Trainee: 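This is the structure I have questions about; it appears just below.
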Amino acid sequence: MQVFYTITELRAYLAAQRSEKKSIGLVPTMGALHQGHMSLIEASRQANDVTVCSIFVNPIQFTNQDDLSRYPRTLEQDYLLLEEAGCDFVFAPSADEMYNTAPSLVLDFGTLETVMEGAFRPGHFNGVGIVVARLFNIVHPDRVYFGQKDLQQLAVIRRLVEDLAFQIEVVPCPTVREADGLAMSSRNRRLSPEERAIAPHLYRALSEAQERLLNGERVADVIQVVQDYIATVPAFSLEYFEVVDARTMQPVDEVQSEGHTALCVAAHLGPVRLIDNVVF
Ligand code: AMP
């Protein structure tokens, strides 16, 4: 496995791979890697000759400076995990390398970002879109791997690829969970043991809501049930719970056709903001 810190060097190596007609898979991450990330690496390895993992804590997608400064950074451990997983190239640029000058371009994803993460973190998806577009132009991947854990982000990336005609296949990967249901996340490391013990309530609330909707209960009633359930765990502060169309991210008042209803939740637990979703 080779680690690159500069765009020029990575580009040179990847140009050589492309000239040998090798296909390239890209897995963009912010590091502090876990098995969720590794499942993306594995998916890329299976479909491509070469897998590139980027590790970059992208300052322009953070809407809270405290969250940015406390974001876990575990580069040396990340390299070990990636090496073990069979990743070929790691791209770990500094912020100066990634943004020689601060981008002036502003991306607006319209109604995709007027709800949930977009509404609670204004400017977040602009930052995501810009860094991902830059990574696409640096790596020129054939396929790119994103987790369904960040469902709205996945929708935004699909839109980016569509609108800017990137010749890249976007491959969604299922959410990897801990044994107790908690969705794996780099931010989970910041939970205290007490917070970690109650964190799985978020997934339990989603599962309960899914079951009720499948049993024909009304969306409005189920939303109330979830709000009441989260309220029974005082350490949680619920930011949103939405029942949406998984293609448009718009709230719905009844369950959509198969595979298109998503339940999305965000809540603060101690110092950490957790998000999760289920699609059914
Ligand atoms: P991050 O490092 O949190 O920006 O995540 C990098 C990529 O890994 C994104 O596409 C995430 O959706 C994905 N990811 C994060 N956590 C998980 C998980 N638990 N299961 C599957 N994919 C994940």
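Model, not experiment: these values are computed from the prediction. When a ligand or atom number is given, it counts from 1 through the structure's own listing order.
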Trainee: Relative to the heavy atoms of Leu40, which atoms of ligand 1 are at a distance of less than 4.0 Å?
Mentor: 7 (C), 8 (O), 10 (O), 13 (C), 22 (N)
Trainee: For residues Ser23 and Arg143, determine if any side-chain heavy atom of one lies less than 4.5 Å from a side-chain heavy atom of the other.
Mentor: yes
Trainee: Closer than 4.0 angstrom, basic N to acidic O: yes or no for Arg204 and Glu208?
Mentor: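 No.
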Trainee: Check this for me - ligand 1, Gly147, N or O atoms closer than 3.5 angstrom, yes or no?
Mentor: yes
Trainee: Among all protein non-hydrogen atoms, which one is nearest to atom 23 (C) of ligand 1, and what is the separation to 0.1 Å?
Mentor: Lys149 CB, 4.1 Å
Trainee: For Asn126 versus Leu107, what's the shortest heavy-atom pair and its separation?
Mentor: OD1-N, 2.7 Å
Trainee: Against heavy atoms of Thr175, which atoms of ligand 1 measure under 4.0 Å?
Mentor: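 Taking each heavy atom of Thr175 in turn, ligand 1 has 20 (N), 21 (C) under 4.0 Å.
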Trainee: Which protein heavy atom lies closest to atom 20 (N) of ligand 1, and at what distance to 0.1 Å?
Mentor: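 Among all protein heavy atoms, the one nearest atom 20 (N) of ligand 1 is Val176 N, 2.8 Å.
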Trainee: I'd like to check whether Ser39 has a polar contact with ligand 1, where a contact means an N/O of the residue lying under 3.5 Å from an N/O of the ligand.
Mentor: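 Ser39 vs ligand 1: no N/O contact under 3.5 Å.
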Trainee: Go through ligand 1 atom by atom and flag the ones less than 4.0 Å from a non-hydrogen atom of Met184.
Mentor: 16 (N), 17 (C), 18 (C), 19 (N)
Trainee: Which ligand 1 atoms, with their elements, are less than 4.0 angstrom from a heavy-atom of Phe146?
Mentor: 10 (O)
Trainee: Between Pro174 and ligand 1, which residue portion shows a heavy-atom distance shorter than 4.0 Å: side chain, backbone, both, or neither?
Mentor: backbone
Trainee: Evaluate the side chain to side chain donor-acceptor pair (under 3.5 Å) criterion for residues Arg196 and Asn188: first the C-alpha distance (whole Å), next the side-chain angles of each, then the deciding distance (0.1 Å), finally the verdict.
Mentor: CA-CA 7 Å; Arg196 172 63 189 82; Asn188 292 352; over 6 Å; no
Trainee: Less than 6.0 Å separating the ring centroids of Phe91 and Phe4?
Mentor: no
Trainee: May I ask you to identify, for His34, whether its side chain, its backbone, both or neither come under 4.0 Å of ligand 1 on a heavy-atom basis?
Mentor: side chain
Trainee: Got Lys149 and Ile275 here, is their nearest side-chain heavy-atom distance under 4.5 Å?
Mentor: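 A side-chain contact under 4.5 Å exists here.
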Trainee: Which heavy-atom pair separates Ile60 from Pro103 by the least distance, and what is that distance?
Mentor: CD1-CG, 4.3 Å
Trainee: At under 4.0 Å between heavy atoms, is it the side chain or the backbone of His37 that contacts ligand 1, or both, or neither?
Mentor: side chain
Trainee: Show which atoms of ligand 1 fall inside a sub-4.0 Å distance from at least one heavy-atom site of Met30.
Mentor: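 Near Met30, meaning under 4.0 Å from one of its heavy atoms, ligand 1 has 1 (P), 2 (O), 4 (O).
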Trainee: Decide whether His124 and Glu117 meet the rule of one side-chain donor and one side-chain acceptor closer than 3.5 Å.
Mentor: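 Absent: no donor and acceptor within the cut-off.
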Trainee: Heavy atoms only: which of Val27, Val144, Asp150 is nearest to atom 14 (N) of ligand 1?
Mentor: Asp150
Trainee: Test Asn58 against Tyr99 for side chain to side chain donor-acceptor pair (under 3.5 Å), laying out the working first.
Mentor: CA-CA 10 Å; Asn58 177 32; Tyr99 301 113; 2.6 Å; yes
Trainee: Side chain or backbone of Leu33 under 4.0 Å from ligand 1, or both, or neither, by non-hydrogen atoms?
Mentor: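 Answer for Leu33: neither.
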Trainee: Answer yes or no: is there an ion pair linking Asp67 with Arg187, defined by an N-O contact shorter than 4.0 Å?
Mentor: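 Salt bridge flag = yes for Arg187 with Asp67.
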Trainee: Can you tell me which portion of Pro28 lies within the under-4.0 Å heavy-atom range of ligand 1? Options are side chain, backbone, both, or neither.
Mentor: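 It is the backbone that gets close, since no side chain atom is under 4.0 Å.
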